[in-house]
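Step one of this worksheet: look at the structure below.
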Amino acid sequence: MAERLFVFDTTLRDGEQVPGCQLNTIEKIEVAKALESLGVDILEAGFPISSPGDFNSVREISKAISLPTICALTRAVEKDIDVAADALALAKHKRIHTGIGVSHSHIYDKLRSTPEKILERAVAAVKYAKKYVEDVEFYAEDAGRADNEYLARVVEAVIKAGATVVNIPDTTGYCLPSQYGEKIKYLMEHVDGIHNAILSTHCHNDLGMATANTLSGVINGARQVEVTINGIGERAGNTSLEEITMALRCHKHLGIDTNIVSQRLIETSRLVSNLMNMPVQANKAIVGRNAFAHSSGIHQDGVLKSRESYEIIDPKDVGVVDSAIVLTARSGRAALHHRLHLLGFSLEQEELDKIYAKFLNLADKKKDIRDEDLLTLMGSKAKENMNRKVTLEYLQVLTGTLVPTATVILNIGGVSLTSTSTGNGPVDAAISAVKAVLKQKIVLQEFLIQAITRGSDDVGKVHMLVKKGNVVEHGFGANTDIVRASLDAYIDGINKLININE
Ligand code: KIV
Ligand code: ZN
């Protein structure tokens, strides 16, 4: 049986510190519940002394969550610890996370102190927190750049003072995987009483090595990992929960595993991305839009013969319905044959060769080949194809100090249909009006607006992910009018999703 690795999620603390990612209490509870269903062991809910809002969130999360331990951050300051204990009062399982800087730069420049005084403060903070809770975690801030001998003295002292977990943060994301692993190994071998506590990793991604460093720490003895969903966090972010989970599932020979329900990774990633307005890059490991999409001919052929030839993870294990075979000019006959087969065509080799030549011609002109393009290429069902097309004929939006209101006229298979809706902004109003015409259950999963040159006269590019049932499609629009660009992206997405005859 695999050895247990505890997952300490800090999406709502280190992740939420990121500018623009702030959530209100209700949103934080929604994320906390998703993390509970995902199976995290410890949930860092906030830094209660930092603001009344953070205090309140820790309090409400403590009431709403029952399985994970709820953790609150403090500095090594008595007042911080008093306030954290108060915020955690109603938690079923609670932990105080206190700590102080231990690197040369933190001790002398930031704290204007000495190593001996810092050691005393560390011990005093742990002892003080122990008055309130049994479970006290100590963080040795900037341990990544700290001297290992001094770090070992601090770790030994805080364990003696009662720390149950000792966190070794690479606060600045400085370490190489070998250095971080050696640090954990050094502590495992040189600290008296190390087995009375758990060592925790907490790595930042400034050099893109947070996941590698965390794994190196685990391999060398750490049994808790501090992670965030989508790797969000200060600057370049923290270690991503989904990467650690799946790295350990892929490398079972390490004999270490978490309690994470991996099938919930995608939905949790989307929830965090949407609520925090933090898009996930398309090529992000595990949860990016392209993580299971194959576009080159050689890869498509391989995946269609055997998924494992180009995939180390079954997409279903992380909550993705299936691998996507994207048809582009680099696709081969195997991918085209596969897609045509799904559309109900079975072709002999000669016929396939002819259609493939036409397909390549079209793919050179058009980046993304859709089912309706294939139907047209096949010269059949073209009428049905026409019926599927939704186009925007008219859009008027009233906004400003009024309740935003939009009127749209959509042409669906040659018939014009009108609707007017209100919304919490002009884009919301316009999309509501389209939904009212379509009368289909389409969920907007991701919405990203980018200005190209940043001027106010700029063209805005909009990317969306829209979902119907289990199918997710990408829509794109570009216009100087951002409402129009958003609606174009939405309609582009739904044209790939829906069948108007349904
Ligand atoms: O990166 C860091 O050092 C932290 C500590 C407060 C745990 O986030
Ligand atoms: Zn951090």
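First listed ligand is number 1; within each ligand, the first listed atom is number 1. For the single chain, residues carry numbers from 1 onward in sequence order. From a predicted model like this one, the values you see are computed outputs, not experimental measurements.
- Considering only non-hydrogen atoms, atom 4 (C) of ligand 1 lies nearest to H202 out of E226, H202, H204, Q17.
- The distance from the Zn ion (ligand 2) to the nearest N/O/S atom of E226 is not under 2.8 Å.
- Once rounded to the nearest 0.5 Å, the distance linking SG of C21 with CG of N277 reads 8.0 Å.
- Atoms of ligand 1 found under 4.0 Å from any heavy atom of N167 (numbered from 1 in listed order, with element): 7 (C).
- Using modelled atom types and a 3.5 Å distance limit, the side chains of D142 and S103 yield a donor-acceptor pair.
- For H202, the N, O or S atom closest to the Zn ion (ligand 2) goes by the atom name NE2.
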### Task
Could you go through the side chain to side chain contact (heavy atoms under 4.5 Å, CB included) check for S486 and M464 one step at a time?
CA-CA 8 Å; S486 304; M464 281 187 187; 4.1 Å; yes
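- A ring-centre distance under 6.0 Å is found for H204 and H202.
- Shown in contact with E141 at under 4.0 Å from a heavy atom are these atoms of ligand 1, numbered in order with element: 3 (O).
- Using a 4.0 Å cut-off to heavy atoms of P169, the atoms of ligand 1 that qualify are 2 (C), 3 (O).
- Counting only heavy atoms of the protein, atom 8 (O) of ligand 1 lies nearest to R13 NH2, 2.9 Å.
- Looking at ligand 1, you'll find an N or O of D14 within less than 3.5 Å of one of its N or O atoms.
- Ring orientation note: the planes of H253 and H251 are nearly perpendicular, at an angle over 60° on the 30°/60° scale.
- Closest to atom 3 (O) of ligand 1 among all protein heavy atoms lies T171 OG1, 2.7 Å.
- A donor and an acceptor atom, one from each side chain of S240 and E242, are located under 3.5 Å apart.
- Using bins of under 30°, 30° to 60° and over 60° for the plane-to-plane angle, the ring pair F476/H463 lands in the tilted bin.
- Here the N, O or S atom of D14 that is nearest to the Zn ion (ligand 2) is OD2.
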